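Counting starts at 1 for both ligands and their atoms, in listed order. One-based numbering along the sequence shown. Side-chain atoms are counted along with the backbone in the values below, which use heavy atoms only and exclude waters and symmetry mates. Computed from a predicted structure; not experimentally measured.
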Amino acid sequence: MNINENYKNLEESYLFSTVAKKVNEFIQKNPDKKVIRLGIGDVTRPLCKAVIDALHKAVDEMGVQSTFRGYGPEQGYEFLRQAIQKYYKKRNVELELDEIFISDGAKSDIGNILDIFSTKNTVLVPDPVYPVYVDTNVMAGRKVIFSDANGNNGFLPLPDENINADIIYICSPNNPTGAVYNKEQLRKWVEYALKNKAVILFDAAYECFISDESLPHSIYEIEGAKNCAIEFCSLSKTAGFTGTRCGYTIVPKSHEKLNKFWLRRQTTKFNGVPYIIQRGAEAVFSESGQQEIKENINYYKENAKIISDTLEKCNISHTGGKHSPYIWLKCPNNMTSWEFFDYLLENIQVVGTPGSGFGKNGEGYFRLTSFGSKENTIEAMQRFEKLFK
Ligand SMILES: *Cc1c(COP(=O)(O)O)cnc(C)c1O
């Protein structure tokens with residue numbers, strides 16, 4: 001056999017393992033010091049009551065002959081797709097039920113969608129960004145080019161007519177920078193994609209964190225997007241489903257082949273998300289579910305505000321936090337991302353994520369997250385203030 005040699009071209013990611021290693025070494029040397037972790041990209045609040053009640057009920061149904069369920073539809077149960085259809089309708093986005101596909105999370109579908117595209121396509125990825133986009137394409141041997149996100153463009157690169165891309169990734173609100181495209185800016189990407197017959201893969205994993213209602217939660221709020229965009233969303237950050245696993249992908253039928261091929265791909269390689277989990281996911285979209293997840297999101301947002309208010313006081317330039325759980329700061333005194341990491345760990349025992357781990361333009365930047373507890377966030381920021389003010 002011949003192995004897929006493309007895997008050799010993957011860059012080893014040492015980001016989170018190096019963070020863990022450095023923190024562990026520090027703790028061994030300084031067992032009396034309390035380390036506060038603001039580097040986590042995972043939620044910490046428990047699932048809300050509406051979800052837990054729905055999960056319990058579904059578990060009981062599985063133990064009764066008349067309500068037991070075996071294989072479900074590969075693209076997801078209609079009750080959940082209907083709930084998602086209604087959710088989009090609130091933003092005046094009309095979706096047909098067979099444009100909605102239930103997944104076990106956005107990460108899988110972001111990787112799997114590439115099955116329906118030729119490996120000859122050129123892929124355009126923003127830098128810095130969530131590393132999954134690059135790695136899944138390198139595995140398939142596609143050519144990857146980058147659009148620079150930096151301080152000059154507010155970390156929101158716009159299309160360049162001189163660049164030819166077939167597959168375009170957009171993550172808005174962005175991980176790690178927290179930057180969000182407005183409708184005017186997204187329209188430019190949609191126009192570019194339509195003109196160049198490209199497809200946009202839009203990652204909306206953080207849409208629930210958007211505070212300003214004039215900002216788009218979905219790319220389909222832009223006219224023409226249904227002809228050129230696939231949207232990925234997830235209940236991971238929205239409703240604390242990182243360990244429960246459920247997401248959804250929208251593949252419009254206006255591009256007939258995309259929808260048909262994706263359905264074919266899913267019915268061949270995927271057997272659906274567990275019934276129990278889909279009932280839990282349905283509850284997220286109920287009135288009480290929406291109310292309860294909002295409370296958790298507001299909890300994280302208060303943490304984000306505590307962080308950005310402190311950075312403001314310390315004169316540390318930063319973005320994000322307002323429409324995302326991530327605060328993206330410029331390392332003071334021209335430190336590199338890793339120098340700043342070491343500096344914080346040594347001096348105030350606060351752990352964040354070096355921006356350079358998300359792409360070359362992330363060098364000199366640092367990501368803090370609001371997913372910690374309020375008490376720890378406050379304490380970490382008091383230490384920040386002492387160090388920098
Ligand atoms: C967390 C995250 C996701 C969600 O992944 P799941 O597989 O649904 O847990 C997707 N995209 C980005 C950018 C993320 O940060």
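- In terms of protein heavy atoms, atom 11 (N) of ligand 1 is closest to Asp203 OD2, 2.7 Å.
- At a 4.0 Å cut-off, at least one heavy atom of Cys171 sits close enough to ligand 1 to count as contact.
- Atoms of ligand 1 found under 4.0 Å from any heavy atom of Lys107, numbered from 1 in the order shown, are 5 (O), 6 (P), 7 (O).
- Residue-ligand proximity, Gly105 to ligand 1, at heavy-atom distances under 4.0 Å covers atoms 7 (O), 8 (O).
- Each of His217, His323, Lys237 was checked for a side chain to side chain donor-acceptor pair (under 3.5 Å) with Glu207, and the lone residue meeting it is His217.
- In summary, the side chains of Tyr88 and Glu99 do not present any donor paired with an acceptor at a separation below 3.5 Å, with no hydrogens or angles considered.
- Residue contacts with ligand 1 for Tyr206 involve side-chain atoms from C-beta outward but no N, CA, C or O (heavy atoms, distance under 4.0 Å).
- Considering backbone and side-chain N/O of Thr242, none are found under 3.5 Å from N/O of ligand 1.
- Ion pair Lys183/Glu221 flagged as a salt bridge, since at least one NZ, NE, NH1 or NH2 atom sits closer than 4.0 Å to an Asp/Glu carboxylate oxygen.
- Taking only nitrogen or oxygen atoms, main chain and side chain alike, Tyr133 does not reach within less than 3.5 Å of ligand 1.
- Both the backbone and the side chain of Ala106 come within 4.0 Å of ligand 1, judged by heavy-atom distances.
- Looking at atom 2 (C) of ligand 1, its nearest protein heavy atom turns out to be Lys237 NZ, 2.5 Å.
- Taking the charged nitrogens against the carboxylate oxygens, Glu302 and Lys305 have no contact shorter than 4.0 Å, which rules out a salt bridge.
- Residue contact check: Ser234 has heavy atoms under 4.0 Å from atoms 4 (C), 6 (P), 8 (O) of ligand 1.
- Given atom 7 (O) of ligand 1, the protein heavy atom at minimum distance is Arg245 NH2, 2.7 Å.
- Applying the side chain to side chain donor-acceptor pair (under 3.5 Å) rule to Arg81 yields no partners; only residues at least two apart in sequence or on another chain are considered.
- Ionic pairing of Lys29 and Glu25 is not present here: no N-O contact between side-chain nitrogen and carboxylate oxygen is shorter than 4.0 angstrom.
- The residues Arg187 and Glu184 are annotated as salt-bridged, a charged nitrogen and a carboxylate oxygen being separated by less than 4.0 angstrom.
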Which donor-acceptor pairs under 3.5 Å do side chains of residues 36-47 form with protein atoms, sequence neighbours excluded?
{"residue": "Asp42", "atom": "OD1", "partner": "Thr242", "partner atom": "OG1", "Å": "2.7"}
{"residue": "Thr44", "atom": "OG1", "partner": "Phe371", "partner atom": "O", "Å": "2.6"}
{"residue": "Arg45", "atom": "NE", "partner": "Asn296", "partner atom": "OD1", "Å": "3.4"}

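- A heavy-atom distance below 4.5 Å is not found between the side chains of Tyr77 and Ile102.
- The shortest N or O to N or O distance between Tyr326 and ligand 1 is not under 3.5 Å.
- Among all protein heavy atoms, the one lying closest to atom 9 (O) of ligand 1 is Ser236 OG, 2.6 Å.
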